[in-house]
Amino acid sequence: MKKILLSIAVMCFTALTILSCKNEANENNNLQTENHHSDKDHSHHDEERKGPPPHGERKGPPKGGSPEQTKTLEEIGGYAIGDVATDFNLKDVGGSMVSLESIENAKGYIVTFTCNECPFAKMYEDRLIALHNAYAPKGYSVVAINPNSPEDEKEGYAAMQQRAKDKNFPFPYLVDEGQKIYPQYGAVRTPHVFLLDQDRKVQYIGTIDDNAKSAKDVKVKYLENAIDALERGEKPEPNFTKAIGCPVKASRA
């Protein structure tokens, strides 16, 4: 009898062991299947994440960019060709107030928005001096205005005074206090030129010539050609070019 009971116990233990092994094998198979699906899901999601980074990760536009004006005159919202420019009364680096009306024997005005630190503005300084020396005796004076915010000390009034002294500017260098004048004109770059006739009508807007980096390699002198056209009693052609330079720095306030 004992032998029979022992045999039954052995059979039951063997059956339970076989059943446990089958369950363990099934669980392992299920786990492998789940892991396989999970890997596929992760791969699928990784594919979906390719492309631009999620919103909020990009830190603004790429560095650099073209120095060329990108907006049209209509988009800028300043003066158009033929508009009559409003006169201004701005402080010169010498402390005196200067308006267009205060310039004697004027047949026109070369209103130029420029600044101290922009590399393009610096490249054009000698050309502006030469333009003034050549055309002021003919009645077309350069009137330079710094439109940048003085929050940057390098563009502030003291720095303007020093720059004018260093370069010995023969023309007035004015500060656009409150940055009220450059938006009226529609200046967006430094330098940005507005040629006005005797009646302050805008006759040319844009760049000085076709080579900002090299004065000796200039092929087309847009501004000089426009002045010469006015001297002949003609309309400048072209009367608009895209300004080349640094964007005007507005106040952060």
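Only this structure's heavy atoms are used, side chains among them; waters, hydrogens and symmetry mates stay out. In this text, all values refer to a predicted model and were calculated from it rather than measured experimentally.
- Using a 4.5 Å heavy-atom cutoff, the side chains of Ile181 and Pro147 are not in contact.
- The CD1 atom of Ile208 lies 9.5 Å from the OG1 atom of Thr241; values are rounded to the nearest 0.5 Å.
- The two atoms that bring Ala136 and Ser141 nearest to each other are CB-OG, 3.8 Å, heavy atoms only.
- For the side-chain contact (heavy atoms from CB on, under 4.5 Å) test with Tyr79, the passing option among Thr86, Leu196, Val111, Val84 is Thr86; the others fail.
- No side-chain donor-acceptor contact under 3.5 Å links His132 to the backbone of Leu128.
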Intermediate values then yes/no, side chain to side chain donor-acceptor pair (under 3.5 Å), Gln198 and Tyr109: CA-CA 7 Å; Gln198 192 170 20; Tyr109 311 90; over 6 Å; no

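- Hydrophobic cluster membership differs between Met160 and Tyr182, with clusters built from Ile, Leu, Val, Met, Phe, Trp and Tyr side chains linked at under 4.5 angstrom.
- In this structure a side-chain-to-backbone donor-acceptor pair under 3.5 Å is missing from Asp92 to Ser96.
- For Asp199, the CG atom counts as densely surrounded, since its 6.0 Å shell holds more than 12 non-hydrogen atoms of other residues, nucleotides or ligands.
- Atom CD of Glu151 has more than 12 heavy atoms from other residues, nucleotides or ligands within 6.0 Å.
- Note: Ile76 CD1 to His192 NE2 = 6.0 Å, rounded to the nearest 0.5 Å.
- In summary, Asp209 and Arg127 engage in a salt bridge, as defined by a charged side-chain N under 4.0 Å from a carboxylate O.
- Judged by distance alone, the side chain of Asp176 and the main-chain N or O of Lys180 form a donor-acceptor pair under 3.5 Å.
- We find the CD1-CD distance between Ile244 and Glu68 to be 4.5 Å, quoted to the nearest 0.5 Å.
- The local environment of NZ in Lys122 is crowded, with over 12 non-hydrogen atoms from other residues, nucleotides or ligands closer than 6.0 Å.
- Cluster membership check: Ile110 does not share its hydrophobic cluster with Val98, using side-chain heavy-atom separations under 4.5 Å among Ile, Leu, Val, Met, Phe, Trp and Tyr.
- Contact annotation: the side chain of Ser149 approaches that of Gln179 to within less than 4.5 Å [non-hydrogen atoms, C-beta and beyond].
- With hydrogens and angles ignored, the 3.5 Å screen pairs no side-chain donor or acceptor of Asn133 with any backbone N or O of Ala130.
- A continuous path of Ile, Leu, Val, Met, Phe, Trp and Tyr side chains, each step under 4.5 Å between heavy atoms, connects Ile129 with Ile227, placing both in one hydrophobic cluster.
- Using a 4.5 Å heavy-atom threshold, the side chains of Asn116 and Lys154 count as separate.
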Test side chain to side chain contact (heavy atoms under 4.5 Å, CB included) applied to Thr112 and Val143, step by step: CA-CA 6 Å; Thr112 306; Val143 181; over 6 Å; no

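- Cluster membership check: Phe171 does not share its hydrophobic cluster with Phe113, using side-chain heavy-atom separations under 4.5 Å among Ile, Leu, Val, Met, Phe, Trp and Tyr.
- A donor-acceptor pair under 3.5 Å is absent between the side-chain atoms of Asn146 and the main chain of Cys115, judged by distance alone.
- When every heavy atom of Phe169 is checked against every heavy atom of Glu125, the shortest pair comes out as CZ-OE2, 3.8 Å.
- For Lys91 and Tyr157, the positive end sits near the middle of the six-membered ring, less than 6.0 Å away and at most 45° from its axis.
- Legend: residues meeting side chain to side chain donor-acceptor pair (under 3.5 Å) with Gln162, ordered by chain and number and at least two apart, are Asp166.
- Residues Leu195 and Ala226 share a closest heavy-atom pair of CD2-CB, 3.7 Å.
- For Tyr173 and Thr114, the side-chain atoms include no donor-acceptor pair closer than 3.5 Å.
- Both Val142 and Tyr222 are members of a single hydrophobic cluster when ILVMFWY side chains are connected at heavy-atom separations under 4.5 Å.
- Two residues are said to be in side-chain contact when any heavy atoms from C-beta on lie closer than 4.5 Å; Glu224 and Leu131 meet this criterion.
- Residues Asn225 and Tyr204 bring no donor and acceptor atom of their side chains to less than 3.5 Å of each other.
- Here the shortest heavy-atom pairing between Glu153 and Ala159 reads O-CB, 3.4 Å.
- For the pairing with Phe240, the side-chain contact (heavy atoms from CB on, under 4.5 Å) check across Thr207, Val202, Leu73, Thr72 returns one residue only, Leu73.
- Residues Phe194 and Tyr185 bring their aromatic ring centres within 6.0 Å.
- Cys246 has its SG atom within less than 2.5 Å of the SG atom of Cys118.
- Of the possible polar contacts, one joining the Asp87 side chain to the Leu100 backbone as a donor-acceptor pair under 3.5 Å is found.
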Trace of the salt bridge (charged side-chain N to carboxylate O under 4.0 Å, His left out) decision for Glu117 with Arg163: CA-CA 9 Å; Glu117 291 297 311; Arg163 191 67 187 170; over 6 Å; no

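- Annotation: side chain of Val175 is not in contact with side chain of Leu90 (no heavy-atom distance under 4.5 Å).
- The main-chain N or O of Lys242 is never found under 3.5 Å from a side-chain atom of Gln69 such that the two would form a donor-acceptor pair.
- Between the side chain of Asn211 and the backbone N or O of Lys213, at least one donor-acceptor pair lies under 3.5 Å.
- Pro191 and Ala243 get closest at one heavy-atom pair: O-CB, 4.0 Å.
- For the pair Ile81/Ile205, a side-chain contact is recorded, criterion being any heavy-atom separation below 4.5 Å from C-beta on.
- The pair Asp126-Lys167 meets the salt-bridge criterion, since a charged nitrogen lies less than 4.0 angstrom from a carboxylate oxygen.
- Between the side chain of Arg200 and the main chain of Ala85, a donor-acceptor pair closer than 3.5 Å is present.
- Looking at every heavy atom in both residues, Gly82 comes nearest to Lys201 through O-CG, 4.0 Å.
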Derivation and outcome, salt bridge (charged side-chain N to carboxylate O under 4.0 Å, His left out), residues Lys221 and Asp228: CA-CA 11 Å; Lys221 298 181 178 181; Asp228 292 342; over 6 Å; no

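- For Glu104, the CD atom is loosely surrounded, since the number of other residues' heavy atoms within 6.0 Å does not exceed 12.
- The 12-atom threshold is exceeded at CD of Glu234, counting heavy atoms of other residues, nucleotides or ligands nearer than 6.0 Å.
- Side-chain contact of Gln203 with Asn239: a donor-acceptor pair under 3.5 Å is absent, judged by distance alone.
- Between the side chain of Asn148 and the backbone N or O of Lys249 there is at least one donor-acceptor pair closer than 3.5 Å.
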